[in-house]
Amino acid sequence: MMLDILFPNRCIRCSRIIDANFPVCNLCFEQIHFTHNDYSEDNFVKEKCSLLFPIENAFALMQFEKENVSRKLIHELKYRSRYKIGKTLAEWTTERLDFKNQKPDLLVTVPLHPRKLKERGYNQLHWFAETLSEFYAIPFDHDVMKRNHYSKAQALKDKQNRLKTENVFSMTKNISGKHILLIDDVFTTGNTLASIAWEILKSGDNKVSVLVMAIDE
């Protein structure tokens, strides 16, 4: 209680004092551009993924814009240890994502290299995926994929280097006959997702769908 008085929670964008359980105030929330994707129908995310690998379904929660709230949310989650934002984004996702009769069998997150995980202290996707797992009753496995090479953050790479994803990932387990929902934070070029998806697809009779927090159009 005393800490709440001395260090009140503030909106990450405008600094208004807000409820301790929320990252943004109501006014800033209204500025988030949600995509309104339909997971079961064709949409912009699925269209972009289909150019890179065979995909079943796709969903993006928000549009990733340089000067908007979505970017601030994900950067606070990813680089400022505000990992609880992952749970909030998952809750917003559950309000908008209906799997209908195409519910996946397993949730798989894009992995960090062990060195990067040690530096950051957490994978920003884990709370997001685990909250979704509980809500939809879909199991998750954070250890299906491993990242083979340490690299700097995607956001800090130039476009040419972002395309170099060959042999970056490999599978640690034999999985076959599963519909896997691959989860990442921001869809940019799609090459990271494609690299993982092809590993999953070639390992057995699997199907891949994609869920991202935001898409950078």
Side-chain angles (χ1 to χ4, degrees), residues 11-13 21-24 28-39 43-49 52 55-99 104 106-112 116-117 120-136 138 140-142 145 147 153-157 162 169 180-197 208-217:
C11 174
I12 62 172
R13 187 171 187 272
N21 294 317
F22 296 98
V24 293
C28 289
F29 176 81
E30 293 298 324
Q31 297 181 39
I32 298 174
H33 295 156
F34 293 104
T35 65
H36 306 293
N37 286 158
D38 188 329
Y39 172 84
N43 57 59
F44 187 62
V45 191
K46 184 176 180 179
E47 179 182 328
K48 295 189 78 169
C49 288
L52 302 170
I55 186 169
E56 299 297 314
N57 305 101
F59 181 89
L61 175 64
M62 306 175 290
Q63 294 176 10
F64 188 77
E65 298 166 321
K66 290 182 179 179
E67 302 302 325
N68 210 309
V69 184
S70 60
R71 182 181 185 275
K72 185 68 173 175
L73 282 165
I74 291 175
H75 277 230
E76 289 287 313
L77 166 64
K78 195 169 182 177
Y79 302 117
R80 299 288 299 275
S81 300
R82 296 285 297 273
Y83 52 88
K84 289 185 179 180
I85 291 175
K87 183 175 181 180
T88 299
L89 293 176
E91 290 170 349
W92 293 349
T93 300
T94 63
E95 296 168 0
R96 295 165 175 83
L97 172 58
D98 183 358
F99 290 118
L106 182 67
L107 307 182
V108 172
T109 51
V110 173
L112 295 177
K116 180 66 67 64
L117 183 61
R120 189 175 296 170
Y122 64 99
N123 183 323
Q124 71 277 6
L125 300 174
H126 287 183
W127 268 44
F128 181 74
E130 289 165 22
T131 303
L132 296 175
S133 172
E134 182 177 359
F135 181 86
Y136 292 110
I138 303 172
F140 65 87
D141 192 332
H142 298 319
M145 304 299 306
R147 189 183 290 262
Q154 282 284 94
L156 301 179
K157 296 180 182 179
R162 287 183 189 180
F169 302 97
I180 293 175
L181 184 64
L182 183 56
I183 296 174
D184 201 1
D185 46 22
V186 181
F187 187 109
T188 50
T189 65
N191 287 286
T192 295
L193 291 168
S195 180
I196 296 175
V208 173
S209 291
V210 162
L211 168 60
V212 292
M213 297 174 181
I215 182 166
D216 187 351
E217 299 184 45

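Numbering starts at 1 and runs along the sequence shown. Just so we're clear, the structure is a prediction, and the values are computed from it rather than from any experiment.
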>> Counting neighbours of CZ on Phe22 that are heavy atoms of other residues, nucleotides or ligands and sit closer than 6.0 Å, is the number greater than 12?
In response: no
d(Leu61 CG, His36 NE2) to nearest 0.5 Å is 10.0 Å
Point to revise | Chi angles and distances behind the side chain to side chain contact (heavy atoms under 4.5 Å, CB included) call for Phe140, Leu106 | key: CA-CA 6 Å; Phe140 65 87; Leu106 182 67; 5.6 Å; no
Rounded to the nearest 0.5 angstrom, the NZ-CG distance for Lys78 and Asn123 is 9.5 Å
Donor-acceptor pair, distance only, cut-off 3.5 Å: does the side chain of Ser195 make one with the backbone of Thr192? no
Could you check whether Asp185 and Gln124, counting side-chain N and O atoms only, form a donor-acceptor pair closer than 3.5 Å? yes
Output for pair (Arg147 CZ, Phe169 CZ), nearest 0.5 Å, gives 3.5 Å
Any donor and acceptor pair, going by atom type alone, linking the side chain of Asn43 with main-chain N or O of Ala58 inside 3.5 Å?
yes
Margin query: Can you confirm whether more than 12 heavy atoms, excluding those of Glu134, are under 6.0 Å from its CD atom?
Written below: no
- Task: Under the side chain to side chain contact (heavy atoms under 4.5 Å, CB included) rule, what do Cys49 and Phe187 come out as? Steps first, then yes or no, please.
- Result: CA-CA 9 Å; Cys49 288; Phe187 187 109; 3.5 Å; yes
Would you call the rings of His126 and His142 parallel, tilted or perpendicular, where under 30° means parallel and over 60° means perpendicular?
-> parallel
Item to complete: Measure from the side-chain N and O atoms of Arg13 to the backbone N and O of Cys28, and report whether any donor-acceptor pair falls under 3.5 Å.
Response: no
Looking only at heavy atoms, the pair that brings Ala197 and Leu182 closest together is N-CD2, 4.2 Å
**Prompt:** Aromatic ring centroids of Phe29 and Trp92 under 6.0 Å?
**Reply:** yes
Problem - Residues Tyr39, Lys46; criterion side chain to side chain contact (heavy atoms under 4.5 Å, CB included); working and verdict - result: CA-CA 9 Å; Tyr39 172 84; Lys46 184 176 180 179; over 6 Å; no
* Under the 3.5 angstrom rule, does the side chain of Thr189 hit a backbone N or O of Asn191 as a donor-acceptor pair? -> yes
task: Evaluate the criterion side chain to side chain contact (heavy atoms under 4.5 Å, CB included) for residue pair Phe59 and Val45; output intermediate values, then yes/no.
output: CA-CA 6 Å; Phe59 181 89; Val45 191; over 6 Å; no
On a heavy-atom basis, the closest approach of Ile85 and Pro23 is CG1-CB, 4.0 Å
Nearest heavy-atom contact between Ser70 and Met62 is CB-SD, 3.8 Å
Of all heavy-atom pairs linking Val24 and Cys11, the shortest is CA-SG, 3.7 Å
Value for CH2 (Trp127) from CZ (Arg82), rounded to nearest 0.5 Å, stands at 12.0 Å
- request: For the pair Asp184 (side chain) and Val110 (backbone), establish whether a donor and an acceptor sit closer than 3.5 Å, ignoring hydrogens and angles.
  value: no
Just by distance, with hydrogens left out, do Thr35 and Asn37 show a side-chain donor and acceptor under 3.5 Å apart? yes
Indicate yes or no: at least one non-hydrogen side-chain atom of Asn68 is less than 4.5 angstrom from one of Gln31.
-> yes
*Are any side-chain N or O atoms of Thr131 and backbone N or O atoms of Lys87, one a donor and one an acceptor, separated by less than 3.5 Å?*
no
Looking only at heavy atoms, the pair that brings Leu89 and Leu73 closest together is CD2-CD1, 4.2 Å
To the nearest 0.5 Å, atom CD1 of Ile183 lies from atom OG1 of Thr109 at 7.0 Å
From the list Arg71, His33, Met213, side-chain contact (heavy atoms from CB on, under 4.5 Å) partner of Phe64 resolves to Arg71
Ignoring hydrogens and angles, tell me if any N or O in the side chain of Ser133 forms a donor-acceptor pair with the backbone of Ile138 under 3.5 Å. yes
Interatomic distance, CG@Asp98 vs CG@Asp38, rounded to 0.5 Å, equals 8.0 Å
Between Leu132 and the options Leu97, Leu181, Thr93, the side-chain contact (heavy atoms from CB on, under 4.5 Å) test singles out Thr93
Heavy atoms of Leu117 and Tyr122 approach each other most closely as CD1-C, 3.5 Å
